[in-house]
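What follows is a structure written as structure tokens; I'll ask about it next.
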Amino acid sequence: MPEGHSVRRLARQFGDVFTGEQLAVSSPQGRFAAGAALLDGHTMASAEAHGKHLFLHFDNALVLHVHLGLYGAWSFGGDSTFSGSSSIGAPRRVGEKEAFAEGDADASYAGPPPPVGAVRVRLAGRHGWADLRGATTCETITAAEADAVLARLGPDPLRNLRGDAGRFARNLRSRKTPVAALLMDQKVIAGVGNVYRAEVLFRRRLDPWLPGTDVPEPAARNLWRDVVSVMGDGVADGRIITTPPKYWKFGGSTAAKAAKAGLEVPARSGSFPAGEDAHYVYKRQGLPCRVCRTLVLTAELAGRNLYWCPFCQRE
């Protein structure tokens with residue numbers, strides 16, 4: 001499931017390419033025909049994200065509300081002007097992972113191509129289009145209904161508003177549920193998914209099975225600050241990187257050693273560091289912990305696989 005940084009990038013992308021545009025809104029699949037008709041021909045006023053929820057606001061006071069769920073993804077296409085400042089070229093697909101196509105924009109764009117697959121909703125403007133497939137939620141709602149959705153969600157680390165750290169700490173410390181499960185509860189904190197859950201718990205050396213009520217207030221606030229930091233990096237990088245350069249393989253050594261030796265090291269990107277170097281524990285079950293060499297463990301919790309180091313994260 002896409003985590004909060006991907007949805008924030010999506011909101012920026014929509015804002016960059018569609019804000020102020022009158023859009024043709026349709027449902028090629030047909031399942032969203034009634035909702036699309038309410039938005040068709042109207043101008044998109046703004047785009048915002050909160051956690052894993054995307055809200056596209058239109059000038060008729062209606063909102064397109066999308067939650068991608070496990071299988072949803074947006075695809076984009078258009079002419080050479082159809083790219084946003086939030087990405088390196090327009091993302092051609094944004095879901096669990098982002099895929100980019102550079103230099104393939106068609107300068108002679110004459111409209112979107114025929115839809116491929118089960119396109120729930122298509123948004124089309126003068127310079128490009130966006131297609132949604134497989135989303136858990138795709139609905140046209142009022143502004144008041146959008147506010148009601150937001151009221152049910154916990155604080156979003158990518159907003160990090162005044163008081164959010166305290167609100168998160170109270171949410172976390174008021175429940176006896178394991179902290180790893182609480183991080184996946186969108187009413188406690190909005191936007192954290194399976195990768196961030198595993199990684200921030202390791203970075204803070206927290207036992208994933210520790211009840212929320214046993215997490216000290218300072219530890220809860222430090223956890224919030226770390227989530228804010230790594231998710232902010234995720235927005236900038238377009239991927240989740242939680243390890244420092246000393247763990248990134250480069251030129252037969254590591255990026256940190258190469259930089260210290262005065263060598264030119266590539267910037268963080270979609271391909272650097274390599275995927276196997278980007279995380280501390282996520283999907284590293286059976287491999288030695290990067291810090292203590294104890295084997296990383298896995299177990300199912302809150303419907304997803306959890307990864308942790310039993311030594312570094314002991315209670």
Side-chain angles (χ1 to χ4, degrees), residues 1-17 47 49-54 67-76 83-104 130 134 156-160 183-184 189-204 225-250 254-256 258-259 265-285 287 290 296 304-307:
M1 182 181 296
E3 304 201 26
H5 73 291
S6 289
V7 182
R8 176 57 59 95
R9 286 171 63 87
L10 268 174
R12 287 186 178 181
Q13 178 72 16
F14 275 104
D16 290 340
V17 300
H50 189 102
K52 301 176 184 180
H53 295 257
L54 175 69
H67 188 294
L68 291 175
L70 286 171
Y71 304 109
W74 286 95
S75 57
F76 295 78
S83 62
S85 62
S86 61
S87 61
I88 306 170
R92 292 310 191 249
R93 181 184 185 278
V94 180
E96 176 71 21
K97 297 181 179 178
E98 295 185 37
F100 299 96
E102 297 184 28
D104 66 346
D156 182 344
L158 291 173
R159 294 191 174 196
N160 194 25
L183 285 179
M184 296 286 279
I189 182 171
V192 172
N194 207 27
V195 185
Y196 282 126
R197 167 177 77 168
E199 292 297 295
V200 297
L201 287 175
F202 178 85
R203 285 164 58 103
R204 300 312 311 166
R225 283 191 281 268
D226 202 37
V227 176
V228 169
S229 174
V230 294
M231 289 188 72
D233 289 343
V235 173
D237 298 332
R239 59 184 293 210
I240 300 176
I241 302 171
T242 59
T243 53
K246 70 178 182 179
Y247 296 116
W248 305 349
K249 292 187 289 291
F250 178 72
T254 68
V265 177
R268 292 159 66 119
S269 67
S271 58
F272 186 79
E276 63 267 23
D277 298 336
H279 305 137
Y280 281 106
V281 292
Y282 179 70
K283 287 194 173 180
R284 298 194 70 248
Q285 67 273 23
L287 296 175
R290 298 189 189 280
V296 173
R304 304 292 295 275
N305 288 330
L306 169 68
Y307 306 89

#### Entry: CD-CG distance between Gln13 and Leu54, expressed to the nearest 0.5 angstrom
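Between atom CD of Gln13 and atom CG of Leu54 there are 11.5 Å.
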### Task
Drop me the distance from Tyr307's OH to Gln285's CD, to the nearest 0.5 angstrom.
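That separation rounds to 5.0 Å.
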### Query
More than 12 non-hydrogen atoms from neighbouring residues, nucleotides or ligands closer than 6.0 Å to NZ on Lys249, yes or no?
yes
### Query
When rounded to the nearest 0.5 angstrom, what distance separates CG in Leu10 from CG in Leu68?
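If we round to the nearest 0.5 Å, Leu10:CG and Leu68:CG are 6.5 Å apart.
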### Message
To the nearest 0.5 Å, what is the distance between OG1 on Thr242 and CZ on Phe202?
### Response
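The CZ atom of Phe202 is 9.0 Å from OG1 of Thr242, to the nearest 0.5 Å.
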### Query
Closest approach of Val200 and Leu183, non-hydrogen atoms and distance?
CG2-CD1, 4.0 Å
### Message
If you define the side chain from C-beta out and look only at heavy atoms, does anything of Trp248 sit under 4.5 Å from Ile241?
### Response
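Counting from C-beta outward, Trp248 and Ile241 do come under 4.5 Å.
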### salt bridge (Lys or Arg N to Asp or Glu O under 4.0 Å) partners for Arg225, two or more places apart
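Scan of Arg225 (salt bridge (Lys or Arg N to Asp or Glu O under 4.0 Å), adjacent residues dropped) gives none.
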### Message
I'd like to know if the side chain of Arg12 reaches the main chain of Arg8, judged simply by a donor and an acceptor atom lying under 3.5 Å from each other, with no hydrogens or angles considered.
### Response
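Between the backbone of Arg8 and the side chain of Arg12 there is no qualifying donor-acceptor contact (under 3.5 Å).
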### Check ion pair Asp226-Arg203 (N to O, under 4.0 angstrom)
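Result for this pair is yes, salt bridge flagged.
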### Query
Rounded to the nearest 0.5 Å, what separation is found between the OG1 atom of Thr243 and the CZ atom of Arg290?
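Here the interatomic distance stands at 6.0 Å.
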### Message
Below 30° counts as parallel, above 60° as perpendicular, anything between as tilted: where do the rings of His279 and Tyr282 land?
### Response
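Plane angle over 60°, so perpendicular.
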